[in-house]
Each structure stands twice: as C-alpha cells, then as structure tokens.
Protein chains: 2
Amino acid sequence: MNLAYHKKYNNLNMKDYVYNVLKENIMNLTIKPGTILRKKEIASEFEVSRTPIREAFVKLKEEGLIDVYPQRGTFVSYIDLDKVKEAKFMREALETKIVKLACEVFPDEKIFDLEANLKVQEMSLQQNNYLKLFEYDNEFHKMLFEGCNMENIWTSIEQISSHLNRMRILSLSADFNRSDVIEDHQRIINTIRERDSKKALQVMESHISRIKFDQEKLKRDYPDYFAS
Amino acid sequence: MNLAYHKKYNNLNMKDYVYNVLKENIMNLTIKPGTILRKKEIASEFEVSRTPIREAFVKLKEEGLIDVYPQRGTFVSYIDLDKVKEAKFMREALETKIVKLACEVFPDEKIFDLEANLKVQEMSLQQNNYLKLFEYDNEFHKMLFEGCNMENIWTSIEQISSHLNRMRILSLSADFNRSDVIEDHQRIINTIRERDSKKALQVMESHISRIKFDQEKLKRDYPDYFAS
DNA sequence: AATTCTAAACTAGTATGTTAGTATTATTAA
DNA sequence: TTAATAATACTAACATACTAGTTTAGAATT
C-alpha cells in the first residue's frame with residue numbers, strides 16, 4: 001500500500017491517527033480513486049485490530065472520501081465533478097465574506113503569522129514542492145478564518161472540499177507555475193493590514209476565481225480518477 | 001431515556017438508525033445538554049450491541065453534538081454561542097448566494113413543491129406544532145439548495161448548525177408567533193418565480209436576519225444548557 | 001467529624017469472534 | 001466449449017471480551 005505517514009498525528013488515538021493518515025494519502029492521490037481498501041490489510045499495516053480502522057472508515061465515509069458497499073467492499077471515491085462545483089461555490093461565498101470581516105477584526109499580531117506562512121509558500125515554490133505549497137496555501141486560508149474566530153467554518157470548507165482539493169492537486173502537479181497565487185496572498189495580507197474591505201473583496205474574488213482548471217483535460221489525462 | 005423514534009429511519013443499518021434517532025432527540029432538546037450517554041443503556045434501549053452505538057457516537061462527535069471524554073464518559077454537548085455565531089455567518093453567506101442562483105436555475109416544476117411545503121408550514125403554525133414547523137422550515141431551505149443541485153452544501157449547513165438549531169428550537173418553544181417567517185417564505189417563492197434575483201437577495205437577507213433571538217434571555221432561562 | 005486510602009464500579013478504546021450477504025472460482029452438466 | 005450450479009473466499013455489520021484509566025463509595029485513619 002505504501003502510505004505516507006506523518007509524525008504530527010502521533011498524539012492521537014489509533015482511530016484518529018488512521019483517519020488522518022488515510023485522509024492525507026487519499027487527498028494526495030497517493031491512494032488512487034477506485035482503490036479497494038481492505039480492512040484486514042490496513043489493520044496489519046498499522047499493527048492494530050479492525051476496530052479502529054472501521055471507525056476511521058465511518059469518518060472517511062461521512063466526508064465522501066470513500067464509498068462503502070456492504071458485504072462487497074470499501075473503495076476510495078472517484079472524483080465527482082458535481083461535488084467539485086459545490087465546493088467552489090461554497091468557498092467563494094465564504095472566503096469573500098470572511099475577508100471583508102477580516103478587515104474589521106483580524107488582529108494585527110496575527111498578520112505577522114500570515115507573512116511567515118507566505119515565506120514558506122515562496123520557498124515551496126522555489127523547491128518545486130507542490131504538495132508543500134498546497135498545504136501552506138490551505139493553511140493560509142485557514143488562518144484567515146481563525147483570525148476571525150471562525151475556525152469551524154474552515155473545517156466545514158475542508159470537509160466539502162475533498163473532491164475539489166484532489167482536482168487542485170492534479171492541476172498543480174501538471175502545472176506548477178503558480179507564483180500568481182502567492183502574489184494574491186500578499187495582496188490579501190496588504191488589504192487586511194490597510195483595513196480596506198472593498199479592495200480585499202476584489203482581491204479575494206479574483207483569487208478564488210483562479211481555482212479553475214481545465215476539467216476536460218484532467219478528465220482526459222486521468223480518466224480512471226473520475227466518476228461516471 | 002424516553003426517546004422519540006421515527007419510522008422514516010427504518011430502512012437504515014443500525015449504526016445510521018441510532019445516529020439519526022439520537023441526533024433528532026438531541027436537536028429537539030428531548031435529551032438535554034450535559035446529559036450523560038451510557039453506551040450500555042442505549043444499546044439495550046435499541047436492542048443491539050455496543051458496536052453500532054459506538055459508531056453512531058463517532059458521527060455525533062464529528063458534528064459537535066456530543067463530547068467524548070476517554071475513560072470518563074460521553075455527554076450531550078452544551079450550546080456553544082461561538083458555534084451559533086459561526087453557523088449564522090455561514091447560513092447568511094450561502095443562502096443569499098443560493099437564492100440568487102435559484103432565480104437563474106431553479107426549475108419551474110419544483111416551485112410547486114415549495115408551495116406544497118409552505119402549506120404544511122401554515123398548518124403546523126395553526127396546530128401550534130413548533131417542531132413540525134421547524135422541520136418544514138428547514139426542509140424548505142433544503143429544497144432551495146436541491147433545486148440548484150447543491151444538496152451537499154445544505155448538508156454542510158446542517159452539520160455546522162447543530163448548536164444554532166437548538167437555539168432556534170428554544171426560541172420557537174418560547175415564542176411561537178412566527179407567521180412572519182412563513183410570509184418570508186412566500187415572498188422567496190414569488191421572487192424565484194419572477195426570476196427577480198435582486199429582490200430575492202433582499203428578501204433572503206431580511207429573512208435570515210430574523211434568526212436572532214435574545215441570547216441573554218435564553219441563557220438566563222436555560223442556564224444549564226450553555227457552555228461556560 | 002474530617003481526611004486519607006483502598007477497592008469496586010464505572011468508562012472509552014481496542015481486539016477478536018460471529019453472522020449474513022456478495023463475488024469468484026471450481027465443478028458439474030449440457 | 002459453454003452454461004449452470006455448487007463450493008469457497010471474500011466482505012461489512014454486528015456481538016462480545018478484554019485492557020487501562022477514571023470516578024465513586026466505603027473503610028481505615030487521624
């Protein structure tokens with residue numbers, strides 16, 4: 001199976017550890033859509049019983065990352081373009097509203113954290129590490145919500161974005177020339193610092209609208225990743 | 001424990017059946033915040049083993065309806081006003097955006113379903129059945145999302161609204177004079193039928209802004225329902 | 001009577017066994 | 001060779017047993 005593990009989940013119980021590791025590997029496309037997930041195999045991979053695996057599956061299913069067919073098997077879900085569309089709609093609605101709010105309430109001391117994050121993004125771009133760039137891009141947006149005390153909304157976005165984010169990863173892996181994204185992030189920081197909500201809204205709108213990829217091309221290049 | 005059951009969940013497996021029944025009873029406040037949930041007791045109540053109960057708990061925990069303290073116990077979560085605030089923010093952002101979209105894409109034949117739903121709301125109001133009114137109010141908004149092919153976004157809203165909706169139930173049970181809400185719904189239908197997105201946005205904004213209750217009064221009347 | 005200690009009764013988390021249904025393979029019949 | 005059937009090997013769902021940590025109640029001590 002060859003999973004990528006991460007120490008950062010080590011303090012959790014097995015159920016949550018398994019959930020996090022599997023989720024990360026599914027999102028990364030390390031485990032490809034359509035792959036069967038054998039409880040027994042994964043249990044021995046993690047050196048635990050089937051119980052925590054099964055409980056991790058309950059959570060993964062709820063987020064649409066896997067499909068469970070009773071008495072038949074459990075499979076990594078195929079990318080569903082309807083869900084991609086819904087996630088984009090939701091992100092657009094919420095990110096534009098949050099950036100306006102951020103101009104009012106985002107604490108000055110946390111702007112520094114945004115800048116620090118951006119530096120890591122720049123490094124990741126230079127290193128051609130698209131997974132790391134993706135991770136810190138997401139982290140950047142998460143920080144915007146946290147700074148407005150809306151971390152649960154970000155959790156919601158993450159949950160609905162399981163299909164969208166796999167598309168973004170596919171797109172990034174093909175075309176890694178995304179300095180435009182980093183420039184957008186810098187502009188967002190600037191407008192928040194200047195408390196210019198009108199401009200912030202504009203910048204965020206154009207930033208989110210970049211989340212569009214040639215769906216037809218991706219579907220052609222990876223036909224076995226998609227549903228229907 | 002005295003749970004309210006519903007036949008509508010009967011076709012599910014035990015895990016999902018238990019999840020749905022418990023969720024409904026928690027949302028209704030039939031099971032009060034802070035109540036301990038004993039796996040053994042619930043298992044015998046449903047006449048199943050502890051396994052499907054435990055799996056239902058995994059889902060309930062993910063939605064913030066219960067708090068699990070290892071080796072100590074599982075409790076119905078207290079209403080968290082921060083989460084109420086976040087749910088309101090999210091609903092406002094998404095419902096205003098969806099009603100604009102509805103004016104473009106909502107299918108004419110489904111407008112009839114909205115009208116039918118509204119009739120049930122009126123009946124519920126006459127019968128002073130606030131739980132039924134609440135149910136069909138939610139169903140109305142769900143139908144708006146479904147008509148725009150955005151049912152997963154409604155699922156997201158439902159998930160983040162577990163604390164907000166308990167506040168709404170509390171508020172409804174105290175003040176059941178809510179013909180204004182039904183009038184709003186009629187206006188929403190009308191604007192969609194007329195495909196008047198500008199007016200639709202206005203109506204929805206004022207409709208959602210009604211989701212505000214005297215938090216301080218509710219907290220005074222039900223002090224043991226709230227966190228901190 | 002108040003405090004400390006100890007043992008029993010709880011809990012969540014994990015492990016393993018059982019059941020019933022599905023898919024696959026081997027076997028038989030045509 | 002092909003089609004139908006039976007046996008086998010899977011699976012998810014559910015039941016039960018065990019482990020380790022927490023709380024509670026009661027006994028012992030002051």
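Reminder, nothing fancy here: chain letters follow the sequence lines and each chain counts from 1.
An OP1 or OP2 oxygen of D:dA12 is reached within less than 4.0 angstrom by a side-chain nitrogen or oxygen of A:T74. Between B:T51 and D:dC14 there is no side-chain N or O to OP1 or OP2 distance below 4.0 Å.
If you check every strand for non-hydrogen atoms under 4.0 Å, B:R54 touches a base. Residue contacts for B:Y69: at a heavy-atom cut-off of 4.0 Å it reaches the sugar-phosphate backbone alone, with no base atom in range. Using a 4.0 Å heavy-atom cutoff across all strands shown, A:R50 reaches at least one base atom of the nucleic acid.
The distance from atom CG of B:D113 to atom CE of B:M143, rounded to the nearest 0.5 Å, is 4.5 Å.
Note: A:H185 and A:H141 have perpendicular aromatic rings, judged against thresholds of 30 and 60 degrees for the angle between ring planes.
When rounded to the nearest whole Å, the span between CG of B:D67 and P of C:dT11 equals 17 Å. One atom, CZ of B:R72, and another, C1' of C:dC10, lie 13 Å apart when rounded to the nearest Å. Straight-line distance from the NZ atom of B:K40 to the P atom of D:dC18: 13 Å, rounded to whole Å. Rounded to an integer number of Å, the gap from CZ of B:R38 to C1' of C:dA9 is 12 Å.
Using a 4.0 Å cut-off between charged side-chain N and carboxylate O, A:D214 and A:K219 make no salt bridge.
Looking at A:N129 and A:F134, their side chains never come closer than 4.5 Å, going by heavy atoms from C-beta outward.
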